[in-house]
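All figures in this text were calculated on a predicted structure; none of them were measured in a lab.
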Amino acid sequence: MQKLIQGKGTPFTPSAQVIAILHDKGLSKIFNYSDYEYFKRLCKGAFNLPMAIVDLFIQYNTEIVSDYEEYIF
């Protein structure tokens with residue numbers, strides 16, 4: 001029987017999930033760890049913690065445009 005060992009840098013941590021979701025939405029530049037820690041405390045009882053934190057990042061940074069804004073599709 002093999003046992004999978006995951007290191008500390010796995011994408012299953014809430015901070016890595018938040019970064020990945022923000023990156024997918026084109027808002028990777030609004031992430032910082034001080035805001036992340038604050039939002040994490042605010043969303044302590046949330047069902048989907050990473051998504052709740054992402055929602056707060058987006059609400060608090062409404063003036064930031066998407067990373068994809070400059071691309072023509």
Closest non-hydrogen atom pair between C43 and L56, with its separation: SG-CD1, 3.3 Å

Nearest heavy-atom neighbours spanning Y33 and S15: CE2-CB, 4.1 Å

Parallel, tilted or perpendicular, as decided by the 30° and 60° cut-offs, for the rings of F57 and F39: perpendicular

Flag side-chain contact, heavy atom, 4.5 Å: S28 against I19: no

Test item: K25 and I58 side chains (from C-beta on) under 4.5 Å apart, heavy atoms: yes

Pair listing, side chain to side chain donor-acceptor pair (under 3.5 Å) test, anchored in residues 34-43, at least two apart: N32-S34, N32-D35

Test log, rule side-chain contact (heavy atoms from CB on, under 4.5 Å), inputs N61 and E63: CA-CA 6 Å; N61 294 291; E63 71 281 351; 4.2 Å; yes

